[in-house]
Protein chains: 2
Amino acid sequence: MPNPEYQDIRKLDLFSQMADDNFTSLMRGAYVQNFPAQIELITEGEPSDFLHVVISGSVDLFSVWNGRDTSMATVRPISTFILAATIKDAPYLMSARTLEKSRIALIPSQDVRAIFDADNNFARAIVTELAQCYRSVIKAQKDLKLRTSLERVANYLLRQQRHAGGGPVFALDFEKRRLASVLGMTPENLSRAFKGLQPYGVKVTGTRVTIDNQADLENFAKPNPLIDSFKS
Amino acid sequence: MPNPEYQDIRKLDLFSQMADDNFTSLMRGAYVQNFPAQIELITEGEPSDFLHVVISGSVDLFSVWNGRDTSMATVRPISTFILAATIKDAPYLMSARTLEKSRIALIPSQDVRAIFDADNNFARAIVTELAQCYRSVIKAQKDLKLRTSLERVANYLLRQQRHAGGGPVFALDFEKRRLASVLGMTPENLSRAFKGLQPYGVKVTGTRVTIDNQADLENFAKPNPLIDSFKS
DNA sequence: AAGGCTGATTGATAAAAGTCAATCATTCAG
DNA sequence: CTGAATGATTGACTTTTATCAATCAGCCTT
């Protein structure tokens, strides 16, 4: 296994506990490739030929229906996507495109399913990963159904703040138009939402966010670990 | 294993392939109980002590935040719920309540995790189940984010029609207020949505739905297997 | 058969969110 | 350094959805 990137993949929870042999044979069939920005890697509805691992860059998972489209999630290094489709040998439910120049490992789904049958540690890791994914989507669903767009924006800011270390100044990690789509609103409304949060001590200029009055914002946003926590 | 209900549970995909010994030991710790309607079985945020199996009746999975609540899904016999929380040993993300008099098997989560570690067939079945659950939520998410409420109602009717056999007359399987909540709208708007679908040949009286013009409705609803199919 | 309960519907209104068009800001290629 | 291109913002307006209040319908109990 000459490729040093495989060591990074090996460290992922998904692959760290499996037998050496099995990991090696998984990687033998895999290939790593560089993609420019804005390349559509997979298209929803197509058969799931590869499990993808983002090594560097970032990938947008999105979906389209009847001329509309929406961002479902962003995948950042190092993690996988399209695991559920791979396991079920079912069509992709989402499309994926690179947001920037990205390095991506492609592991044939067939191999993943074969090793999944052979390696119990791998199978267990997949369970944990899928349970995690499931719970993340449930949280997103609750966010969408229980909160207004202003509340979603407020809670997103608090999550992002925590993610960035917890200080009062931090950066948005999305393009705003895509953030709007992820949050289920239009870019115009996101702009207005940022303004609407000014009374709670929020300032957004460009990609830089300042939270002047943490208590005020939290009192409005009412963050809840059952919706907003990253783990568990 | 004296209890004949265990044979029904055994037939579930989740349990059908596991070793006899392991199934028996799972069931030894389990108990089956009757609950009246409108009983809250579990509350979000609590530790996941039991995997639940609905044997008869039906269960509403719902969630609450800041005084609002929303129905996430309905569980009907025979299937399980709260699998992801059980596996991850994490708090429930949703609450559950019986919709009617229901018979429910409770399997200690600890046992499920123990057997999961010991029985590879069981672990694999869990993977399949979780992948299925994950994909269902993704579909629901797409339904919510890509469609207006009128479109959601139209597509729900088409799904329900197919589920009921495909004929032009069928019954709603929810109370309307709960259907509204599942679809992410108010009961008032659901009423109006039914009226709004009259031009497409839809008649709803009480729980009875008639679709006079299948082609018209489908042309409006634009159902898509990547959102609306039950399987895969 | 008469209330009384619950859920459904309707109408009026308000709030939230989307659309369209114009303008502003920033970035980046030449 | 300039200007084209892209994304962000703003304002005016429309559409969608929610809210509130009243009424209606079905069903259950007595």
Side-chain angles (χ1 to χ4, degrees), chain A residues 36-38 60 62 65-71 97 99-101 143-157 171-199 202-209 220-221, chain B residues 36-38 60 62 65-71 97 99-101 143-157 171-199 202-209 220-221:
Chain A
Q38 305 302 334
D60 182 36
F62 67 101
W65 178 80
N66 195 25
R68 289 163 231 167
D69 68 294
T70 188
S71 274
R97 76 186 140 215
L99 289 169
E100 53 192 308
K101 196 164 160 308
D143 193 43
L144 271 175
K145 289 185 79 177
L146 289 168
R147 288 171 171 165
T148 66
S149 62
L150 197 59
E151 290 164 343
R152 287 200 296 280
V153 172
N155 280 291
Y156 163 78
L157 290 177
L172 297 175
D173 62 349
F174 289 126
E175 206 179 6
K176 283 180 188 170
R177 56 156 57 198
R178 240 168 41 71
L179 174 58
S181 183
V182 168
L183 294 176
M185 57 201 293
T186 57
E188 291 96 329
N189 267 330
L190 179 60
S191 259
R192 292 174 189 127
F194 284 144
K195 285 205 156 175
L197 291 175
Q198 276 176 13
V202 173
K203 275 179 219 136
V204 180
T205 43
T207 182
R208 179 195 189 75
V209 181
F220 169 74
Chain B
Q38 304 302 333
D60 181 37
F62 66 101
W65 178 80
N66 196 25
R68 288 163 233 168
D69 69 292
T70 188
S71 275
R97 74 186 141 216
L99 288 169
E100 52 191 311
K101 195 165 162 307
D143 193 42
L144 270 175
K145 289 184 80 178
L146 290 168
R147 289 172 171 164
T148 65
S149 64
L150 197 60
E151 291 164 344
R152 287 201 296 280
V153 172
N155 280 291
Y156 163 78
L157 290 178
L172 298 174
D173 63 348
F174 289 126
E175 204 179 8
K176 284 180 187 170
R177 54 156 56 198
R178 240 168 40 72
L179 174 58
S181 183
V182 168
L183 294 176
M185 58 201 294
T186 57
E188 292 94 328
N189 268 329
L190 179 60
S191 259
R192 291 174 190 126
F194 284 143
K195 285 205 158 176
L197 291 174
Q198 276 176 11
V202 173
K203 275 178 219 137
V204 181
T205 43
T207 182
R208 177 194 190 79
V209 182
F220 169 75

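In the text below, chain A, chain B and the rest are named by the order of the sequence lines, each starting its count at 1.
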5' to 3', nucleotides 25-30 of chain C under a 4.0 Å protein heavy-atom cut-off (B base, S sugar-phosphate only, - none) gives ------

Summarise protein proximity over nucleotides 10-26 of chain D in one line of letters, 5' to 3': B for base, S for sugar-phosphate only, - for none, counting protein heavy atoms closer than 4.0 Å.
BBB----SBBB------

Using whole Å, report how far [atom1] of [X] lies from [atom2] of [N].
X: B:Gln38; N: C:dC5; atom1: CD; atom2: C1'; value: 15 Å
X: A:Leu183; N: C:dA16; atom1: CG; atom2: P; value: 17 Å
X: A:Arg208; N: D:dA8; atom1: CZ; atom2: P; value: 18 Å
X: A:Leu144; N: C:dA17; atom1: CG; atom2: C1'; value: 14 Å
X: A:Phe174; N: D:dG7; atom1: CZ; atom2: C1'; value: 17 Å
X: B:Leu172; N: C:dG7; atom1: CG; atom2: C1'; value: 14 Å
X: A:Arg178; N: D:dT6; atom1: CZ; atom2: P; value: 18 Å
X: B:Lys145; N: C:dA17; atom1: NZ; atom2: C1'; value: 15 Å

Who are the salt bridge (Lys or Arg N to Asp or Glu O under 4.0 Å) partners of [X], not counting sequence neighbours?
X: A:Arg208; result: none
X: A:Asp173; result: A:Arg76
X: B:Glu188; result: none

Inter- and intrachain pairs under salt bridge (charged side-chain N to carboxylate O under 4.0 Å, His left out), touching residues 175-185 of chain B, at least two apart
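Pairs touching residues 175-185 of chain B that pass the test: B:Asp60-B:Arg178.
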
List for me each residue that meets side chain to side chain donor-acceptor pair (under 3.5 Å) alongside [X], sequence neighbours excluded, and say none if there are none.
X: A:Lys203; result: A:Asp212
X: B:Glu100; result: B:Ser58
X: B:Thr70; result: A:Lys145
X: B:Arg152; result: none

With A:Ser191, which residues qualify under side-chain contact (heavy atoms from CB on, under 4.5 Å), at least two apart?
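None.
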
So what is the end-to-end bend of the helix from C:dA1-D:dT30 to C:dG30-D:dC1, with 5 pairs used at each end and the value given to 10 degrees?
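Axis-to-axis angle, ends of the helix: 40°.
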
So, taking the atom named CG in B:Asn155 and the one named CH2 in A:Trp65, what distance separates them when rounded to the nearest 0.5 Å?
6.0 Å

Can you find a heavy atom in the side chain of A:Asp143 that is under 4.5 Å from one in the side chain of A:Glu151?
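Sidechains of A:Glu151 and A:Asp143: no contact.
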
